[in-house]
There are 2 protein chains.
Amino acid sequence: MTSTDRGHDAIPDPARPPLRPTKQRLAVLDVLESFDDFRSAQEIHELLGDRGAGVGLATVYRTLQLLADHGEVDTMRSEDGESIYRRCSDTHHHHLVCRSCGATVEVEGPAVERWTSAIAAEHGFSQISHNLEIFGTCPRCA
Amino acid sequence: MTSTDRGHDAIPDPARPPLRPTKQRLAVLDVLESFDDFRSAQEIHELLGDRGAGVGLATVYRTLQLLADHGEVDTMRSEDGESIYRRCSDTHHHHLVCRSCGATVEVEGPAVERWTSAIAAEHGFSQISHNLEIFGTCPRCA
DNA sequence: CCGACTTTGACAACCATTCTCAATTAGGGT
DNA sequence: ACCCTAATTGAGAATGGTTGTCAAAGTCGG
């Protein structure tokens with residue numbers, strides 16, 4: 001389930017675990033503020049080390065998954081299969097990602113939402129979700 | 001580079017290696033005929049074993065990549081990050097995949113193609129490619 | 001301040017994928 | 001057909017991201 005997967009989760013909040021604001025979780029959230037492109041769990045772990053706040057690698061993974069579950073971060077897979085993360089706005093959106101520098105732009109498009117629903121309905125599919133990522137070369141890297 | 005990545009490869013055929021029709025490659029192509037949903041390299045390797053034609057795992061991986069490069073198969077990542085493969089038509093298309101049984105429908109949509117190009121252009125991005133996957137529950141599994 | 005429950009961290013375990021390299025095979029002359 | 005050379009294969013080792021384990025430390029309600 002990727003973060004681009006909103007749109008059919010009408011359930012208010014199915015009794016989620018408390019989610020305590022521990023030092024480590026806050027630290028992760030804090031590093032997430034420091035960039036606006038997608039980074040791997042390992043990179044984030046390293047950044048945490050650099051800034052003094054050493055957080056265990058396993059904890060970084062756990063925290064990122066947790067945040068993703070709670071819709072606090074977007075997840076996607078880089079072209080070589082790594083999971084990469086990024087803070088995101090809480091509305092449904094997609095990403096336009098620069099293939100060379102990783103710069104990311106959040107984009108929205110009712111047209112696509114409508115199209116996917118229509119196509120799915122046409123084939124009798126229900127409980128639809130979708131992933132859309134656009135890759136390209138940004139103006140600065142061109 | 002995923003198979004949904006056509007559209008900017010205007011180069012005719014940049015001196016591709018010969019690509020010999022070996023026994024193993026033919027065997028892989030043959031198994032690919034036997035199903036119409038996405039399967040992992042490991043599953044394909046196992047199917048090959050079952051049908052007597054034992055092909056080395058490494059070779060299966062190599063062959064699938066090769067076929068993907070040549071546009072003979074579609075590649076995508078399952079939700080848990082595995083690469084999965086499927087024979088495909090040679091036109092640009094996307095997939096509507098059943099979350100529970102894996103049934104796959106190829107779908108086309110000029111609207112989406114136009115939309116992604118427009119969005120990308122609007123942000124000054126060039127050399128665009130995109131991935132779009134739609135997941136849902138098919139009529140038979142509903 | 002206490003006890004129950006969470007969370008953490010170091011490290012081992014997993015597992016898909018890739019690498020290595022010697023042995024085999026296919027193709028193109030001759 | 002027969003060589004020669006380059007491509008291909010297979011078995012196993014190596015890699016690397018991610019998850020599991022479990023004892024130690026932290027957090028919260030009462």
Side-chain angles (χ1 to χ4, degrees), chain A residues 1-3 15-31 38-70 72-86 102, chain B residues 1-3 13-31 38-70 72-86 102:
Chain A
M1 193 71 63
T2 31
S3 61
R16 286 199 175 135
L19 185 48
R20 296 190 198 157
T22 64
K23 189 174 12 175
Q24 292 85 341
R25 285 173 188 171
L26 294 173
V28 170
L29 279 169
D30 200 48
V31 211
F38 283 88
R39 301 295 177 92
S40 71
Q42 313 249 6
E43 282 177 304
I44 291 168
H45 171 249
E46 203 168 319
L47 287 174
L48 282 164
D50 292 349
R51 84 165 49 183
V55 177
L57 181 56
T59 302
V60 173
Y61 274 101
R62 283 185 292 235
T63 302
L64 288 171
Q65 286 179 182
L66 201 63
L67 292 174
D69 287 349
H70 286 249
E72 296 298 316
V73 302
D74 274 341
T75 303
M76 66 178 267
R77 301 250 175 201
S78 63
E79 305 209 357
D80 58 333
E82 271 188 322
S83 288
I84 49 183
Y85 307 85
R86 173 182 194 268
Chain B
M1 195 70 64
T2 32
S3 61
D13 237 6
R16 286 203 175 130
L19 186 48
R20 296 190 198 158
T22 64
K23 192 174 12 180
Q24 291 85 341
R25 286 173 187 169
L26 294 173
V28 170
L29 279 169
D30 200 49
V31 211
F38 284 88
R39 302 295 178 90
S40 71
Q42 313 247 8
E43 283 177 303
I44 291 169
H45 171 248
E46 203 168 320
L47 287 173
L48 282 164
D50 293 350
R51 84 163 49 182
V55 177
L57 181 56
T59 301
V60 173
Y61 274 101
R62 283 185 292 234
T63 302
L64 288 172
Q65 285 180 182
L66 202 63
L67 292 174
D69 287 349
H70 285 249
E72 296 299 315
V73 302
D74 274 340
T75 303
M76 66 180 267
R77 300 251 176 203
S78 64
E79 305 208 359
D80 56 332
E82 271 188 323
S83 288
I84 48 182
Y85 307 84
R86 175 184 194 267

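Just the heavy atoms: all of them, side chains too, but no hydrogens, waters or symmetry mates, feed the values below. Reminder, nothing fancy here: chain letters follow the sequence lines and each chain counts from 1.
- Between the side chain of A:H45 and the backbone N or O of A:G56, no donor-acceptor pair lies under 3.5 Å.
- Taking atom CZ of B:R25 as the reference point, atom P of C:dT25 lies 15 Å away to the nearest angstrom.
- As a whole-Å value, the separation of A:M76 CE from D:dG17 C1' is 17 Å.
- For D:dG20, the base has no donor-acceptor partner in the side chain of A:R62 [N/O atoms by modelled type, under 3.5 angstrom].
- Screening A:L47, A:L57, A:I84 for a side chain to side chain contact (heavy atoms under 4.5 Å, CB included) involving A:Q42 leaves a single residue, A:L57.
- Summarising the geometry, the separation between CG on B:L66 and P on D:dT9 is reported as 9 Å, rounded to the nearest angstrom.
- Regarding A:L48, its CG atom lies at a distance of 13 Å from the P atom of C:dA10, rounded to whole Å.
- The CD atom of A:E46 sits 8.5 Å away from the OG atom of A:S40 when rounded to the nearest 0.5 Å.
- OP1 or OP2 of D:dT18 sits under 4.0 Å from a side-chain N or O of A:S83.
- Heavy-atom nearest nucleotides on DNA chain C were determined for B:Y85 and for A:T59, and the one closer to the 5' end corresponds to A:T59.
- Across the protein-nucleic acid pair, B:D80 atom CG and C:dC14 atom P stand 18 Å apart, rounded to whole Å.
- By the 4.5 Å heavy-atom criterion applied to side chains, B:L64 and B:V60 are counted as neighbours.
- Within the 4.0 Å cut-off from OP1 or OP2 of D:dT18, at least one side-chain nitrogen or oxygen of A:Y61 is found.
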Write out a two-atom table: protein N or O, nucleotide N or O from nucleotides 27-30 of chain D, distance below 3.5 Å.
from	atom 1	to	atom 2	distance (Å)
D:dT27	O4'	A:R20	NH1	3.3

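- A sub-4.0 Å separation between OP1 or OP2 of C:dT25 and a side-chain N or O of B:Q24 is absent.
- Distances shorter than 4.0 Å separate none of the side-chain N or O atoms of A:Q65 from OP1 or OP2 on D:dT18.
- Between the P atom of D:dT9 and the NE2 atom of B:H45 lies a distance of 13 Å, rounded to the nearest Å.
- A straight line from CG of A:L67 to P of C:dT7 spans 12 Å, rounded to a whole angstrom.
- Using a 4.0 Å heavy-atom distance criterion, B:G81 is classed as making no nucleic acid contact.
- In this structure, A:L57 places its CG atom 17 Å from P of D:dT21, rounding to the nearest Å.
- Remark: B:L29 CG to B:E72 CD distance equals 7.0 Å, nearest 0.5 Å.
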